[in-house]
Colleague: 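Next up is a structure, given as structure tokens.
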There are 2 protein chains.
Amino acid sequence: MSLTIGELSRQTQVKVPTIRYYEQIGLLAEPTRTEGQQRRYRPEDVRRLNFIRHARELGFEVEAIRQLLGLAGDPDRSCGEVHDITKAHLKEVKDKIARLTALRDELETMVSCNHRRISDCRIIEVLADHGQCRHVEH
Amino acid sequence: MSLTIGELSRQTQVKVPTIRYYEQIGLLAEPTRTEGQQRRYRPEDVRRLNFIRHARELGFEVEAIRQLLGLAGDPDRSCGEVHDITKAHLKEVKDKIARLTALRDELETMVSCNHRRISDCRIIEVLADHGQCRHVEH
DNA sequence: CTACATCCTCTAGCGGCTAGAGGTTCAAGA
DNA sequence: TCTTGAACCTCTAGCCGCTAGAGGATGTAG
């Protein structure tokens, strides 16, 4: 019925030390313990930890997850705040994509270097002098 | 003729503690010192630090920059290795863009939540159960 | 009852900085 | 020449989100 930390780890794909870390920073509640002080988890903890893992995979910061968990535990409130957190995160993600796309274009230009001696290498030049490249300002 | 660490900082937009940190980890050579132990930089150091800063902005890791600097200091070698480092980095950047784009789409679906009570909120559901969403595996 | 996989706590480390304490140096102005 | 005070110095500790390892205890299958 109850799970060891290792079983919880296997079911959620979250590493054992990470589970303990989440408990330490208060993302996961302290589970019950056996007489020998080993942690035993309830099946619901799988769901909560999956929530955390998925949110982390999506790039939510721990602090944001903490907020989401707080809101999620209060089923009668409007989900406007949840919406706001997600929207803020979406904006960050879009910005990051824009910056990486500019970067990708710049790297692609750089990679067109044609293997002469270092002293002629465009990559080195571009890195040494920002003005040399068509850099999209950020 | 020589620059204080503050002037170097202003010219390169790299913060003073970061310059000292780069020296500590061996990215920047130890500069000359005044009698009172204050650092004095040569104009060439501006160029080297700009190289480092730009490479960092482009997302190169310190270790990669160390390699690039080593290669750049050896003007007679083929720049094939430089090319390889950049290409590997380009691949990473492309992968990151792909993952973020999938994430963006997922977040956009989530944001279409229509502000009812938390218990109906799609965002919470999606986070709680990975299977609910059309997630691009990575 | 034994073996041994898994668990426990605790501490330290990673990358890439950033911040602060507490003290010293340097250059400009009086 | 002296005095300010901004900028410098070193050192230590902290940030995030884990990850690794030491050294020892527990739990379960055979």
Side-chain angles (χ1 to χ4, degrees), chain A residues 1-28 30-42 45 48-69 89 92 96 99 103, chain B residues 1-28 30-42 45 48-69 85 88-89 92 96 99 103:
Chain A
M1 204 77 298
S2 63
L3 306 158
T4 66
I5 197 168
E7 287 158 350
L8 180 61
S9 170
R10 251 164 268 129
Q11 290 197 27
T12 58
Q13 307 283 30
V14 175
K15 289 178 187 163
V16 168
T18 305
I19 295 174
R20 289 198 276 249
Y21 170 73
Y22 286 161
E23 179 183 328
Q24 193 186 306
I25 63 170
L27 267 195
L28 277 179
E30 293 184 16
T32 54
R33 301 268 189 152
T34 62
E35 290 201 356
Q37 291 307 104
Q38 297 199 355
R39 292 168 178 82
R40 286 299 119 93
Y41 294 91
R42 294 160 304 153
D45 293 322
R48 186 179 177 96
L49 188 49
N50 267 332
F51 181 106
I52 295 169
R53 191 213 46 180
H54 191 201
R56 286 292 304 140
E57 279 174 358
L58 291 181
F60 285 87
E61 288 174 11
V62 164
E63 198 41 50
I65 296 172
R66 208 189 297 277
Q67 290 173 42
L68 289 171
L69 283 168
H89 186 53
E92 276 171 33
K96 209 178 268 180
R99 269 181 282 118
L103 166 54
Chain B
M1 207 75 297
S2 62
L3 306 158
T4 67
I5 197 168
E7 287 158 350
L8 179 62
S9 170
R10 251 163 268 131
Q11 289 197 28
T12 57
Q13 307 283 32
V14 175
K15 287 178 187 163
V16 169
T18 306
I19 295 173
R20 288 198 275 248
Y21 170 73
Y22 285 161
E23 179 183 329
Q24 194 187 305
I25 62 169
L27 267 195
L28 275 180
E30 293 184 16
T32 54
R33 301 268 189 152
T34 62
E35 291 202 355
Q37 291 307 104
Q38 297 199 354
R39 292 167 177 83
R40 286 300 119 94
Y41 294 90
R42 296 158 305 152
D45 293 322
R48 187 180 177 97
L49 189 49
N50 268 332
F51 181 107
I52 295 170
R53 190 213 45 179
H54 191 201
R56 285 293 302 139
E57 279 174 359
L58 292 181
F60 284 89
E61 288 173 13
V62 163
E63 198 41 51
I65 296 173
R66 208 190 297 277
Q67 290 173 41
L68 288 171
L69 283 168
I85 293 170
H89 186 54
E92 276 172 34
K96 209 178 268 180
R99 267 182 283 119
L103 166 55

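Each chain gets a letter, A, B and so on, in the order its sequence line appears, and its residues count up from 1.
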Colleague: Using a 4.5 Å cut-off on heavy atoms from C-beta on, say whether the side chain of L3(A) contacts that of Q11(A).
Modeller: yes
Colleague: May I ask you to decide if R42(A)'s main-chain N or O and S2(A)'s side chain share a donor-acceptor pair within less than 3.5 Å?
Modeller: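 The answer is no, because no donor-acceptor pair under 3.5 Å joins these two groups.
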Colleague: L27(B) and R48(B): side-chain contact (heavy atoms from CB on, under 4.5 Å), yes or no, with the steps?
Modeller: CA-CA 9 Å; L27(B) 267 195; R48(B) 187 180 177 97; over 6 Å; no
Colleague: What integer distance in Å separates E61(A):CD from dC18(D):P?
Modeller: 11 Å
Colleague: Can you check whether F60(B)'s main-chain N or O pairs, donor with acceptor, with R56(B)'s side chain at less than 3.5 Å?
Modeller: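 Judged by distance alone, yes, a pair lies under 3.5 Å.
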Colleague: Does the side chain of R39(B) get closer than 4.0 angstrom to OP1 or OP2 of dC9(D) through an N or O atom?
Modeller: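 So the side-chain polar atoms of R39(B) do come within 4.0 Å of the phosphate oxygens OP1 or OP2 of dC9(D), strictly under.
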Colleague: Tell me what R56(A) touches on the nucleic acid: a base, only sugar-phosphate, or nothing, going by heavy atoms under 4.0 Å.
Modeller: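 It contacts sugar-phosphate atoms only.
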Colleague: Using a cut-off of 4.0 Å between protein heavy atoms and nucleotide atoms, how would you tag nucleotides 22-30 of chain D 5' to 3' with B, S and -?
Modeller: ----BS---
Colleague: Between Q38(A) and R33(A), is any pair of side-chain heavy atoms under 4.5 Å apart?
Modeller: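 Answer no - side chains too far apart.
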Colleague: Return the residues of residues 5-12 of chain A meeting this criterion: a heavy atom under 4.0 Å from some atom of DNA chain C. Order them by number, or give none.
Modeller: I5(A), G6(A)
Colleague: Treat a base pair as Watson-Crick or G-U wobble with both distances under 3.5 Å, then lay out DNA chain C in dot-bracket form, 5' to 3', with | for cross-strand pairs.
Modeller: ||||||||||||||||||||||||||||||
Colleague: Could you tell me the separation between the CZ atom of R20(B) and the P atom of dA7(D), rounded to a whole number of Å?
Modeller: 13 Å
Colleague: Between which nucleotides of DNA chain C, 5' to 3', does chain A make heavy-atom contacts below 4.0 Å?
Modeller: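 Using the under 4.0 Å cut-off, the span is dC7(C) to dT9(C).
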Colleague: Let me check something: any side-chain donor-acceptor pairs from residues 15-23 of chain A under 3.5 Å, sequence neighbours excluded? List them with distances.
Modeller:
from	atom 1	to	atom 2	distance (Å)
E23(A)	OE1	R39(A)	NE	2.8

Colleague: For S9(A) and I5(A), indicate whether the former's side chain and the latter's backbone hold a donor-acceptor pair under 3.5 Å.
Modeller: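 Not at all, since once roles are kept as given, no pair shorter than 3.5 Å links the two residues.
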Colleague: Counting only heavy atoms not in E61(A), do more than 12 fall under 6.0 Å of its CD?
Modeller: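 For E61(A), atom CD is not crowded (no more than 12 foreign heavy atoms under 6.0 Å).
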Colleague: Given atom CD of E57(A) and atom P of dC18(D), what is their separation to the nearest angstrom?
Modeller: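 About 11 Å, once rounded to whole Å.
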Colleague: Are more than 12 heavy atoms from other residues, nucleotides or ligands located less than 6.0 Å from atom CD of E63(B)?
Modeller: yes
Colleague: Using every non-hydrogen atom in the two residues, find where R40(B) and P31(B) come nearest and quote the distance to one decimal.
Modeller: O-CB, 3.5 Å
Colleague: What residues, two or more places apart in sequence or in another chain, satisfy side-chain hydrogen bond (donor to acceptor under 3.5 Å, both in side chains) together with R10(B)?
Modeller: none
Colleague: Grab the NZ-P distance between K15(B) and dA7(D) for me, whole Å please.
Modeller: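 Atom NZ in K15(B) sits about 16 Å away from atom P in dA7(D).
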Colleague: If I take atom OH in residue Y21(A) and atom P in nucleotide dT19(D), what distance separates them, rounded to the nearest angstrom?
Modeller: 10 Å
Colleague: Is L68(B) close to F51(B) at the side-chain level, that is, under 4.5 Å between some pair of heavy atoms?
Modeller: yes
